[in-house]
Amino acid sequence: MQGIMGGFYRASEWVMRLAYINVLWILFTLLGLVFFGIMPATISMFTIIRKWLKGETDTPIFKLFFFTYKKEFVKSNLLFISLFAIAYILYIDFQLLSQIGGIMQLLLNAILIIVVFAYLIMLVYIVPVYVHYNLKFFQYMKHALLIGLLSPIMTIVMAIVLFIGYYLFMYIPGLIPLFGVSAIGYIVMGSAYFAFKHLELRRQITELRNSK
C-alpha cells in the first residue's frame, strides 16, 4: 500500500504488534507469579522484537513467545536472581558506607557510584545480549558491560529516548498497560541491535586491515 493510507496502515500494524506483545508480557509475567515470570517474559518479548528488527515480521508471535518462555524459564530466572543479588549487595554496601565518616567515606562512595554506573549499563544491555548471542552463563554480564562501554553514543541515545518515554508515560499513564513494556523493549533492543551491528562492522574492518 502506498501513500498516506499505506503509511497509516503500517503504523497501525506496528501499534497492534507492540500492544499485543505488551499484553503477552503481562499475562506471562503473572503466569510465573510475577517474580519468576518477569525475566522469561522479557526474554520472550525481546526475542520477538529482535526478529522484527531483522525484518522477520511474519514470525508467529504467540507461538515464539510461548516456546521461548518455556525454553528459557530456568536459565533466565537464574540470570535474574544473579542480577537481583548484585543489586542487593550494592544496596547493602551503600548502607554500610553511610556509617563511615570522613574522607574514606567519600572515596569509597565515589568507587561504589562508578560500580553502580557500570552495573546499570550492564543491566540495560543484558537482555539484548542474551537473545542475540549464544554465550556461557556469566559471559552475558561481561559482554553486556563491554558492549555498553564500547558504544557510548548508542548508550547515551538509549538513555535519552528512555528518559523521554518515561515522561510521556507519566504524562499519559493510560498508555502504560498497552505499550509500557513493549515500547521500552523496542527502544532498548533497537539501540542495542544497532550497537551490535556497528561493533561487528568495526571488527570486520579491523580484520580486513590486518589481513593486508
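Throughout, residue positions are numbered sequentially from 1 according to the sequence presented. Here the structure is a predicted model, which is why all the values come from computation and not from measurement.
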Undergrad: Taking side chain as C-beta onward, heavy atoms only, is Arg17 less than 4.5 Å from Trp14?
TA: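 Touching, per the 4.5 Å side-chain cut-off.
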
Undergrad: Below 30° counts as parallel, above 60° as perpendicular, anything between as tilted: where do the rings of Phe35 and Phe84 land?
TA: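 Because their plane-to-plane angle is over 60°, the rings of Phe35 and Phe84 count as perpendicular.
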
Undergrad: About how many Å separate CE of Met154 and CZ of Phe196, when rounded to the nearest 0.5 Å?
TA: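 Between Phe196 CZ and Met154 CE, I get 10.5 Å after rounding to 0.5 Å.
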
Undergrad: Name all residues meeting the side chain to side chain contact (heavy atoms under 4.5 Å, CB included) criterion together with Leu199; count only those two or more places apart in sequence or in a different chain, and write none if there are none.
TA: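 Partners of Leu199 under the side chain to side chain contact (heavy atoms under 4.5 Å, CB included) test: Ile147, Leu150, Ser151, Arg202.
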
Undergrad: For Ile205, which residues count as a side chain to side chain contact (heavy atoms under 4.5 Å, CB included) partner, sequence neighbours excluded?
TA: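 With neighbours one apart ignored, the set is Leu201, Arg209.
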
Undergrad: Count the heavy atoms of every other residue, nucleotide or ligand shown that sit under 6.0 Å from CE of Met170, and state whether that count exceeds 12.
TA: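 Yes - once you tally the heavy atoms of other residues, nucleotides and ligands closer than 6.0 Å, there are more than 12.
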
Undergrad: Are the side chains of Trp25 and Thr42 in contact, using a 4.5 Å heavy-atom criterion?
TA: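 Yes - at least one pair of side-chain heavy atoms lies under 4.5 Å apart.
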
Undergrad: State yes or no: are the ring centers of Tyr167 and Phe163 separated by less than 6.0 Å?
TA: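 Between Tyr167 and Phe163, the centre distance is under 6.0 Å.
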
Undergrad: With a 4.0 Å cut-off on N to O distance, would you call Arg203 and Glu200 a salt bridge?
TA: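 Result for this pair is yes, salt bridge flagged.
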
Undergrad: Just wondering, do Tyr193 and Lys197 contact through their side chains at under 4.5 Å, heavy atoms?
TA: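 Lys197 vs Tyr193: side chains touch.
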
Undergrad: So which residues get pulled into Tyr88's cluster when ILVMFWY side chains under 4.5 Å apart are joined, directly or through others?
TA: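 Tyr88 clusters with Tyr91, Ile92, Leu96.
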
Undergrad: Side-chain contact, heavy-atom cut-off 4.5 Å: Met158 with Phe194?
TA: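 Met158 does not reach Phe194 side chain to side chain.
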
Undergrad: Answer yes if Ile103 and Ile111 sit in the same cluster of Ile, Leu, Val, Met, Phe, Trp and Tyr residues linked by side chain heavy atoms under 4.5 Å apart, and no otherwise.
TA: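 As far as the 4.5 Å side-chain criterion goes, Ile111 and Ile103 are not connected within one cluster.
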
Undergrad: Please work out which of the three classes, parallel, tilted or perpendicular, describes the rings of Phe28 and Phe65, given edges at 30° and 60°.
TA: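 Taking Phe28 first and then Phe65, their aromatic rings sit tilted (interplane angle of 30° to 60°).
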
Undergrad: Can you confirm whether Trp52 sits close enough to Ile61 that some side-chain heavy atom of one is under 4.5 Å from a side-chain heavy atom of the other?
TA: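 Yes; the side chains approach each other to less than 4.5 Å.
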
Undergrad: Heavy-atom count around Tyr171 OH within 6.0 Å, excluding the residue itself: above 12?
TA: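 Open: at most 12 neighbouring heavy atoms sit under 6.0 Å from OH of Tyr171.
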
Undergrad: Give a yes or no on whether Phe67 and Phe36 share a hydrophobic cluster (residues Ile, Leu, Val, Met, Phe, Trp, Tyr; joining criterion: side-chain heavy atoms under 4.5 Å apart).
TA: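 The answer is no; the residues belong to distinct hydrophobic clusters.
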
Undergrad: Determine whether Met16 and Ile48 fall in the same hydrophobic cluster, where Ile, Leu, Val, Met, Phe, Trp and Tyr are linked whenever their side-chain heavy atoms lie under 4.5 Å apart.
TA: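 No, separate clusters.
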
Undergrad: For Leu83, check side chain to side chain contact (heavy atoms under 4.5 Å, CB included) against everything at least two apart and list the hits.
TA: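 By the side chain to side chain contact (heavy atoms under 4.5 Å, CB included) rule, Leu83 matches Met39, Leu79, Tyr119, Met122, Leu123, Ile126, Met141.
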
Undergrad: Give a yes or no on whether Ile176 and Ile21 share a hydrophobic cluster (residues Ile, Leu, Val, Met, Phe, Trp, Tyr; joining criterion: side-chain heavy atoms under 4.5 Å apart).
TA: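 Yes, same cluster.
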
Undergrad: Which distance, rounded to the nearest 0.5 Å, do you find between the CZ of Phe169 and the CG of Leu162?
TA: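 One gets 10.0 Å once the value is rounded to the nearest 0.5 Å.
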
Undergrad: Taking atom OH as the centre, does Tyr133 end up with more than 12 heavy-atom neighbours from other residues, nucleotides or ligands that are less than 6.0 angstrom away?
TA: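 Yes, the 6.0 Å shell around OH holds more than 12 heavy atoms from other groups.
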
Undergrad: Can you tell me if Ile153 has over 12 outside heavy atoms packed within less than 6.0 Å of its CD1?
TA: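 No, CD1 of Ile153 has 12 or fewer neighbouring heavy atoms, counting only those of other groups under 6.0 Å.
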
Undergrad: Are the side chains of Leu24 and Phe66 in contact, using a 4.5 Å heavy-atom criterion?
TA: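 They are not in contact (no side-chain heavy atoms under 4.5 Å apart), so the answer is no.
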
Undergrad: Check whether Ser191 reaches the backbone of Val188 with its side chain - one donor and one acceptor, N or O, closer than 3.5 Å.
TA: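 Absent.
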
Undergrad: Do Leu135 and Lys142 touch side chain to side chain, with heavy atoms closer than 4.5 Å?
TA: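 Sidechains of Lys142 and Leu135: no contact.
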
Undergrad: For Val161, what residues pass the side chain to side chain contact (heavy atoms under 4.5 Å, CB included) criterion, not counting sequence neighbours?
TA: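 Residues passing side chain to side chain contact (heavy atoms under 4.5 Å, CB included) with Val161: Val157, Ile187.
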
Undergrad: Could you tell me if the side chain of Ser12 sits less than 4.5 Å from the side chain of Phe8, heavy atoms only?
TA: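 Yes - at least one pair of side-chain heavy atoms lies under 4.5 Å apart.
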
Undergrad: Looking only at heavy atoms, what is the nearest atom pair of Tyr125 and Ala195, with distance?
TA: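 Shortest heavy-atom separation between Tyr125 and Ala195 comes out as CE2-CB, 4.5 Å.
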
Undergrad: If two hydrophobic side chains count as joined below 4.5 Å and joins carry through other members, does Leu90 share a cluster with Phe80?
TA: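 Linked, Leu90 and Phe80 end up in one cluster.
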
Undergrad: For the pair Tyr130 and Tyr140, name the ring-plane relationship: parallel under 30°, tilted 30 to 60°, perpendicular over 60°.
TA: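 It falls in the tilted class, 30° to 60°.
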
Undergrad: Once ring pair (Phe, Tyr, Trp, His ring centres under 6.0 Å) is applied, do any residues pair with Phe46, and if so which ones, sequence neighbours excluded?
TA: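 For Phe46, no residue satisfies ring pair (Phe, Tyr, Trp, His ring centres under 6.0 Å) once neighbours in sequence are set aside.
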
